Peer 1: 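Quick one: this structure, given as structure tokens, is what I'll be asking you about.
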Number of protein chains: 2
Amino acid sequence: MARPRKPLLSRDRIVATAGALVDAEGLDAVSTRRLAAELGVSGPSLYNHFRTKDEILEAVADAVSAKVDLSMFDEHDGRDWRTALHDWAVSYRAALTDHPNIVPVLARGPGRRPAGLRVADAVFGAMVRAGWPAAQATHIGALMRYFITGSALGSFARGFVDDETAYDPADYPHLGQAHLLAERQQQVDEGAFETGLRALLDGLAVRYEAAVRH
Amino acid sequence: MARPRKPLLSRDRIVATAGALVDAEGLDAVSTRRLAAELGVSGPSLYNHFRTKDEILEAVADAVSAKVDLSMFDEHDGRDWRTALHDWAVSYRAALTDHPNIVPVLARGPGRRPAGLRVADAVFGAMVRAGWPAAQATHIGALMRYFITGSALGSFARGFVDDETAYDPADYPHLGQAHLLAERQQQVDEGAFETGLRALLDGLAVRYEAAVRH
DNA sequence: ACCTGAACACCGTTCAAGT
DNA sequence: ACCTGAACACCGTTCAAGT
């Protein structure tokens with residue numbers, strides 16, 4: 001076959017197929033040979049479009065970041081900083097829980113991913129505009145990211161096994177019914193996220209009062 | 001050689017060596033062959049002590065969890081719930097930043113790891129004793145974990161490259177000096193952690209007032 | 001019970017060769 | 001420029017064989 005007149009591959013097609021494979025079968029299912037087979041080419045062909053497999057996964061992660069709604073940070077949106085932060089956090093978490101298998105890649109910081117940086121930029125800009133000092137605005141972007149990605153990655157309940165015998169009450173005196181948590185995994189995660197988000201925003205509001213009063 | 005009179009390996013020795021390798025060279029450096037070589041045995045020997053490589057890494061992560069100070073949750077410690085939560089969070093984060101390379105494994109939830117579960121149990125127990133309703137106590141354990149592991153994993157600044165030319169101000173209007181962040185990476189992360197932790201605790205204190213007043 | 005070497009079915013990546 | 005097959009240096013894991 002060698003080179004066809006029209007390229008068989010493009011970066012977008014590789015990223016889309018890799019993303020679908022990650023969603024369907026997890027991060028471990030993505031090998032260059034498997035991904036290439038899914039695309040109808042041979043493994044090494046991918047290296048004409050990406051330098052490493054890791055760059056492909058970074059691009060998949062960035063495509064998820066690109067889905068995060070940022071309209072609440074628009075200059076003329078009208079939402080106050082607190083509401084904007086809340087709505088953004090909910091949108092961000094939704095984007096991550098829609099694609100849980102790529103979260104481990106995404107959670108490692110915005111890195112060089114354009115969409116990830118765009119998110120950081122939007123939060124920072126909106127907080128400064130709302131009156132936050134620049135240093136605090138940087139902190140807010142970072143700490144919100146910690147909480148949101150942490151919640152998408154570290155599902156508390158996911159770890160528990162749906163088997164009572166797995167937990168000896170003598171070892172974990174307060175977690176005697178931990179197995180129940182596995183059943184209501186999503187409720188716990190969503191409740192913890194909502195509680196944490198509100199607590200975070202309440203706490204920031206206190207600091208905001210102190211900050212703008214310089 | 002075959003079987004020696006005294007076992008060459010033990011689970012503890014494997015975990016200790018794997019942990020040292022992870023710390024020194026990162027998660028990717030740990031292959032069964034490499035780890036075995038470090039231990040002076042051949043690769044398959046590890047399978048007499050662990051079922052999979054993943055179980056070894058889980059054990060390494062659990063050993064880090066075991067270093068987290070939990071004394072502030074002791075029944076007779078005397079610290080109020082808020083101070084205990086703060087001190088625990090600081091200790092937890094310190095344990096993680098001491099061993100950053102294993103954090104991706106640890107961040108995926110407590111799973112079946114005994115020490116991870118012991119941490120969850122201690123937090124839950126102390127919050128209930130302090131007067132929090134059980135459902136809220138579960139949420140607090142989860143959301144604190146989200147924030148702490150998220151902060152250890154997703155260093156905001158780490159991602160930025162120490163090269164001004166990497167960021168076109170036209171793309172990220174508010175991050176024009178993002179390259180500066182790389183220089184003060186630790187300060188940003190620590191500041192964001194401290195700010196977020198205090199905000200979280202302030203916010204929880206508000207909810208506590210409402211909760212205990214049933 | 002606990003170690004070994006050989007083997008199986010994979011990996012990511014490089015590279016010369018083809019059009 | 002963009003694809004190919006062959007090759008290199010690896011993987012995790014299984015298993016029969018040894019003591």
Side-chain angles (χ1 to χ4, degrees), chain A residues 1-62 101-102 104-105 108 111-113, chain B residues 1-62 101-102 104-105 108 111-113:
Chain A
M1 186 186 291
R3 173 159 112 93
R5 314 209 162 71
K6 197 151 187 299
L8 295 173
L9 294 178
S10 68
R11 286 176 66 96
D12 280 352
R13 207 163 85 79
I14 292 169
V15 171
T17 304
L21 188 53
V22 168
D23 284 346
E25 303 186 33
L27 225 33
D28 290 343
V30 182
S31 73
T32 55
R33 284 169 176 85
R34 172 73 196 279
L35 173 57
E38 216 84 25
L39 287 158
V41 299
S42 80
S45 301
L46 300 169
Y47 291 85
N48 286 300
H49 302 270
F50 288 92
R51 267 192 316 223
T52 62
K53 173 188 158 179
D54 198 61
E55 270 191 10
I56 298 175
L57 291 176
E58 288 282 316
V60 171
D62 205 45
N101 295 337
I102 197 66
V105 175
R108 292 196 198 220
R112 298 178 141 131
R113 296 190 299 267
Chain B
M1 185 185 294
R3 173 159 111 93
R5 315 209 160 70
K6 196 147 189 301
L8 296 173
L9 294 178
S10 67
R11 287 177 65 97
D12 280 353
R13 207 163 83 78
I14 292 169
V15 171
T17 305
L21 188 53
V22 168
D23 284 347
E25 303 187 32
L27 226 33
D28 291 342
V30 182
S31 72
T32 56
R33 285 170 177 83
R34 172 72 195 280
L35 173 57
E38 216 83 26
L39 287 157
V41 298
S42 79
S45 301
L46 300 169
Y47 290 85
N48 287 300
H49 303 271
F50 288 93
R51 267 193 316 226
T52 61
K53 175 188 158 180
D54 198 60
E55 270 191 11
I56 299 174
L57 292 176
E58 289 282 316
V60 170
D62 206 45
N101 295 338
I102 197 67
V105 175
R108 293 197 199 218
R112 298 178 141 129
R113 296 189 299 266

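Here is how names work: the chains are called A, B, and so on, in the same order as the sequence lines, proteins then strands, and each is numbered from 1. This one's a predicted model, so the numbers in the text were calculated from it and none came from an experiment.
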Peer 1: For the residue pair B:Asn48 and B:Leu9, establish whether any side-chain heavy-atom pair is separated by less than 4.5 Å.
Peer 2: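 Sidechains of B:Leu9 and B:Asn48: no contact.
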
Peer 1: Taking 4.0 Å as the cut-off, does a side-chain nitrogen or oxygen of B:Thr32 come that near to OP1 or OP2 on D:dG12?
Peer 2: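 For D:dG12, OP1 or OP2 has a side-chain N or O of B:Thr32 closer than 4.0 Å.
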
Peer 1: Rounding to an integer number of Å, can you tell me how far B:Leu35 CG sits from D:dT13 P?
Peer 2: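 So the CG-P distance, B:Leu35 to D:dT13, works out to 12 Å.
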
Peer 1: In whole angstrom, give the distance that lies between atom CG of A:Leu39 and atom P of D:dC3.
Peer 2: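 So the two atoms are 10 Å apart, to the nearest Å.
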
Peer 1: For the pair made of NZ in A:Lys6 and P in D:dA1, what is the distance, rounded to whole Å?
Peer 2: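 Roughly 18 Å, once rounded to whole Å.
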
Peer 1: Please determine, for C:dC10, whether a Watson-Crick or G-U wobble partner exists with both distances under 3.5 Å, and give it or none.
Peer 2: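 Partner of C:dC10: none found under 3.5 Å.
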
Peer 1: Under a 3.5 Å distance rule, please check whether A:Arg108 uses its side chain to pair with a backbone N or O of B:Pro104 as donor and acceptor.
Peer 2: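 No.
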
Peer 1: Hey, is the side chain of B:His49 poking within less than 4.0 Å of OP1 or OP2 on C:dA1, counting only N and O atoms?
Peer 2: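 Answer is no, no contact under 4.0 Å.
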
Peer 1: Name the pairing partner of D:dC15, where a pair is Watson-Crick or G-U wobble with both distances under 3.5 Å, or state none.
Peer 2: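 Per the H-bond distance test, C:dG5.
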
Peer 1: Give the rounded distance in Å between these two atoms: CD of B:Glu58 and P of D:dG12.
Peer 2: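 Whole-Å distance recorded here is 16 Å.
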
Peer 1: Let me spell it out: for each of A:Ser31 and A:Pro44, pick the nucleotide of DNA chain C with the closest heavy atom. Which residue's pick is nearer the 5' end?
Peer 2: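 Nearest-nucleotide comparison on DNA chain C picks A:Ser31.
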
Peer 1: If you measure from CD1 on A:Ile56 to OG1 on A:Thr32, what distance do you get to the nearest 0.5 Å?
Peer 2: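 Interatomic distance, A:Ile56 CD1 to A:Thr32 OG1, rounded to 0.5 Å: 8.0 Å.
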
Peer 1: May I ask you to evaluate whether B:Ser45 reaches the phosphate of C:dT4, defined as a side-chain N or O under 4.0 Å from OP1 or OP2?
Peer 2: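 Yes.
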
Peer 1: Rounded off to whole Å, could you give me the CZ-to-P distance for the B:Arg51 and D:dC15 pair?
Peer 2: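 To the nearest whole Å, that distance equals 15 Å.
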
Peer 1: Between P on C:dA9 and CZ on A:Arg34, what's the gap in Å once rounded to a whole number?
Peer 2: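 Spelled out: CZ on A:Arg34 to P on C:dA9 is 18 Å.
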
Peer 1: May I ask you to evaluate whether B:Ser42 reaches the phosphate of C:dT4, defined as a side-chain N or O under 4.0 Å from OP1 or OP2?
Peer 2: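 Affirmative; the distance criterion is met.
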
Peer 1: Looking only at the side chain of A:Asn48 (C-beta and beyond, no hydrogens), which of the listed nucleotides D:dC11, D:dC3, C:dT4 gets closest?
Peer 2: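 My answer, after comparing the listed nucleotides, is D:dC3.
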
Peer 1: To the nearest Å, how far apart are B:Leu46 CG and C:dT4 P?
Peer 2: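 One finds 10 Å between P of C:dT4 and CG of B:Leu46, rounded.
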
Peer 1: Nearest 0.5 Å, what's the CZ-CD distance between B:Arg11 and B:Glu55?
Peer 2: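 Answer for the CZ-CD pair, B:Arg11 versus B:Glu55, is 6.5 Å.
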
Peer 1: Which nucleotide, D:dT14, D:dC11, D:dC3, lies nearest any side-chain atom of B:Tyr47?
Peer 2: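 Within the option list, the nearest is D:dT14.
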
Peer 1: Given atom CZ of B:Arg33 and atom P of D:dT14, what is their separation to the nearest angstrom?
Peer 2: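 The distance from CZ of B:Arg33 to P of D:dT14 comes to 13 Å, rounded to the nearest Å.
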
Peer 1: To the nearest 0.5 angstrom, please state how far the CZ atom of B:Arg34 sits from the OG1 atom of B:Thr17.
Peer 2: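 Answer for the CZ-OG1 pair, B:Arg34 versus B:Thr17, is 11.5 Å.
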
